[in-house]
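Inspection log for the structure reproduced underneath, given as structure tokens.
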Amino acid sequence: MLQNARVLRPEFVPQELQHRDHEHTALTEALNPLTRGERADPVIITGPTGVGKTHLTKFTLERLQETELGLETALVNCWQNYSGYRALFRILENLGRTLDVHRQSTPQDELIERLRDYDGTCVIVLDEVDQLEDKGIIYDLRRMPQFTIVLITNREEDLFGSIDDRLQSRLHGTRTIHFEPYGLSELTAILRSRADAAFSHPDPISTKLLEEIADAAAGDARVAITVLREAAKNADRAGREQITSADIADAIPEGRQAVRDQNLEALKPTQRTLYKIIEEYVSEHGKPMQPSHLYAEYEERADDPVGNRQVRRHLNKLDHYELVTIKGSSRDRRYGLTSHDEH
DNA sequence: CTTCCACAGGAATAACAGGCAC
DNA sequence: GTGCCTGTTATTCCTGTGGAAG
């Protein structure tokens with residue numbers, strides 16, 4: 001049944017982006033000075049997960065590069081590259097200006113120097129920029145005229161809440177492009193075209209069933225496509241040529257889980273252990289966890305446990321990733337799970 | 001009200017890993 | 001190889017906070 005499974009994978013970027021014409025136009029317009037060889041003002045892109053922020057940015061830049069031959073781009077995911085150093089390193093890597101060899105032993109200042117010496121024209125995209133620890137590098141990049149900056153974040157407050165005033169004033173008044181979640185019919189249409197590309201004929205899924213998926217995904221295309229993929233696998237395993245409503249019902253939790261697992265993959269072992277402990281505790285007791293219990297449980301489970309100061313640092317990190325919630329500032333501290341609203 | 005103490009998080013510092021020069 | 005950079009992770013020591021018990 002699956003003829004082209006590639007198009008259902010999360011990293012797949014379709015040739016045409018649907019239902020984002022307005023945003024595409026806005027971004028293209030904002031970047032328009034580049035077609036005159038000038039640097040464009042920074043752009044901030046906001047909106048919840050799975051609404052096509054990253055895809056649209058990639059797509060728009062690729063189109064732009066078709067006409068602007070000298071234009072280079074560097075897209076950095078700050079989730080994976082959260083230190084200023086790593087982000088800068090990735091940018092240089094994208095530009096092919098990687099230090100003579102791979103990695104380290106070069107101070108951050110020198111990475112900045114190398115970027116300053118760069119003499120082309122480049123659009124730097126900082127994806128998930130709220131995860132970037134050292135926001136100061138945005139300021140440094142902003143001062144280099146070769147670079148046009150695009151910042152992608154879920155909520156603008158998350159970004160402005162953690163940057164200092166001089167950067168804030170530098171970014172103030174920049175254009176913001178906001179993405180709304182997909183509507184039911186939009187998401188259904190997206191699923192339709194992905195399904196058409198992915199499956200062999202005869203078509204194994206009706207549009208009505210796609211609508212069920214779209215409804216369950218609540219505007220998040222990544223969840224929707226993952227659910228579709230899992231449902232197809234379910235049907236395939238059962239040796240059927242048609243996807244049924246039951247396949248979809250089974251695939252909804254699986255799909256959500258798969259999306260969440262993708263996030264957990266990026267965690268360090270200590271962080272994953274801590275997350276699992278909290279997850280188990282909360283699902284068993286239905287209430288957030290007390291620090292002493294958490295520390296004790298962690299020390300029991302980890303084969304080489306880390307000190308509790310460091311545990312606290314990791315917990316803050318998990319909070320920053322919005323996987324864990326922290327309440328209370330002292331003895332009232334409790335660690336809970338971020339509710340991924342079940343809709 | 002005061003005292004206690006579990007807990008947070010800042011600062012300094014060390015241990016480690018990779019790259020580079022010798 | 002040895003030493004010397006670097007960023008990163010962890011430890012140690014410390015002060016401050018706020019709920020709870022006396």
Side-chain angles (χ1 to χ4, degrees), chain A residues 74 76-118 124 126-141 158 161-165 263-282 285 287-338:
Chain A
V76 177
N77 186 315
C78 299
W79 229 94
Q80 283 125 39
N81 305 283
Y82 52 82
S83 74
Y85 182 86
R86 284 242 256 274
L88 291 170
F89 189 88
R90 282 270 172 269
I91 295 168
L92 281 165
E93 200 173 50
N94 271 280
L95 291 172
R97 304 295 196 282
T98 318
L99 326 174
D100 321 313
V101 195
H102 229 266
R103 294 250 109 158
Q104 233 142 26
S105 94
T106 315
Q108 181 166 328
D109 291 354
E110 198 180 322
L111 298 188
I112 291 177
E113 279 309 312
R114 299 232 182 181
L115 284 168
R116 195 169 281 136
D117 293 344
Y118 167 73
I124 294 175
L126 297 177
D127 199 0
E128 317 252 13
V129 68
D130 48 310
Q131 294 300 329
L132 183 65
E133 267 164 13
D134 179 9
K135 303 286 199 295
I137 68 163
I138 303 173
Y139 183 75
D140 293 327
L141 292 170
D158 293 342
S162 57
I163 61 179
D164 69 17
D165 294 344
N263 293 331
L264 296 182
E265 263 172 42
L267 297 180
K268 299 184 170 59
T270 308
Q271 295 169 343
R272 208 172 311 158
T273 307
L274 287 168
Y275 180 82
K276 277 191 201 145
I277 291 170
I278 297 172
E279 187 184 39
E280 282 170 28
Y281 183 92
V282 171
H285 297 83
K287 62 178 185 190
M289 198 169 184
Q290 202 178 315
S292 56
H293 294 162
L294 177 53
Y295 296 153
E297 183 65 29
Y298 165 73
E299 273 181 32
E300 204 170 296
R301 264 199 232 189
D303 31 332
D304 190 11
V306 97
N308 72 11
R309 179 67 187 91
Q310 190 63 13
V311 165
R312 254 172 269 143
R313 249 190 275 271
H314 283 305
L315 286 166
N316 282 336
K317 200 79 198 165
L318 291 174
D319 174 47
H320 202 212
Y321 290 155
E322 295 185 331
L323 292 168
V324 158
T325 60
I326 293 181
K327 282 199 279 280
S329 62
S330 173
R331 287 193 84 158
D332 53 344
R333 173 61 64 95
R334 293 292 181 277
Y335 296 100
L337 287 184
T338 311

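Labels below follow one simple rule: chain letters A, B, ... track the order of the sequence lines, proteins then strands, and each chain is numbered from 1. It should be emphasised that the depicted structure is a prediction, and the values quoted were computed from it without experimental measurement. Basis for what follows: all heavy atoms, side chains included, without hydrogens, waters or symmetry-related copies.
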At less than 3.5 Å, do the side-chain atoms of [X] and the base atoms of [N] form a donor-acceptor pair?
{"X": "A:R86", "N": "C:dT8", "result": "no"}
{"X": "A:R312", "N": "B:dC7", "result": "no"}
{"X": "A:R309", "N": "B:dG10", "result": "yes"}

Could you state the atom-to-atom distance from [atom1] of [X] to [atom2] of [N] in whole Å?
{"X": "A:L111", "N": "B:dG19", "atom1": "CG", "atom2": "P", "value": "15 Å"}
{"X": "A:Q290", "N": "C:dG19", "atom1": "CD", "atom2": "C1'", "value": "12 Å"}
{"X": "A:I326", "N": "B:dA6", "atom1": "CD1", "atom2": "P", "value": "20 Å"}
{"X": "A:Q310", "N": "B:dA11", "atom1": "CD", "atom2": "C1'", "value": "14 Å"}
{"X": "A:H320", "N": "B:dG9", "atom1": "NE2", "atom2": "P", "value": "13 Å"}
{"X": "A:L88", "N": "C:dT8", "atom1": "CG", "atom2": "P", "value": "10 Å"}
{"X": "A:E133", "N": "C:dG7", "atom1": "CD", "atom2": "P", "value": "14 Å"}
{"X": "A:Y85", "N": "C:dC5", "atom1": "OH", "atom2": "P", "value": "16 Å"}

TODO: Select base, sugar-phosphate, or nothing to describe what A:R331 touches, counting heavy atoms under 4.0 Å on all strands.
DONE: base
- [ ] Select base, sugar-phosphate, or nothing to describe what A:N308 touches, counting heavy atoms under 4.0 Å on all strands.
- [x] nothing
Task: Pairwise side-chain contact, A:L267 with A:L318, heavy-atom cut-off 4.5 Å (strictly under) - done: yes
Closest listed nucleotide, where the reference is the side chain of [X] and the choices are [options]:
{"X": "A:N316", "options": "C:dT8, C:dG18, B:dG9", "answer": "B:dG9"}
{"X": "A:S329", "options": "C:dT6, C:dG18, B:dA8", "answer": "C:dG18"}
{"X": "A:Q108", "options": "C:dG7, C:dG19, C:dA10", "answer": "C:dG7"}
{"X": "A:P291", "options": "B:dA8, C:dA10, C:dT9", "answer": "B:dA8"}

Open item on the list: Parallel, tilted or perpendicular, judged at 30° and 60°: which one describes the rings of A:H293 and A:Y281?
Closed with: tilted
Open item on the list: Is it true that A:N308 and A:R312 share a donor-acceptor pair across their side chains at a distance under 3.5 Å?
Closed with: yes
Task: Salt bridge flag under 4.0 Å for residues A:E279 and A:K276 - done: no
Task: Cationic N near anionic O, under 4.0 Å, A:E133 to A:R86 - done: no
Taking 4.0 Å as the cut-off, does a side-chain nitrogen or oxygen of [X] come that near to OP1 or OP2 on [N]?
{"X": "A:H314", "N": "C:dA10", "answer": "yes"}
{"X": "A:Y82", "N": "C:dG7", "answer": "no"}
{"X": "A:T106", "N": "B:dG19", "answer": "no"}

Task: Whether A:Y298 side chain and A:V306 backbone form a donor-acceptor pair below 3.5 Å - done: yes
Open item on the list: Heavy-atom nearest nucleotide on DNA chain B for A:Y335 versus A:R313: which residue maps closer to 5'?
Closed with: A:Y335
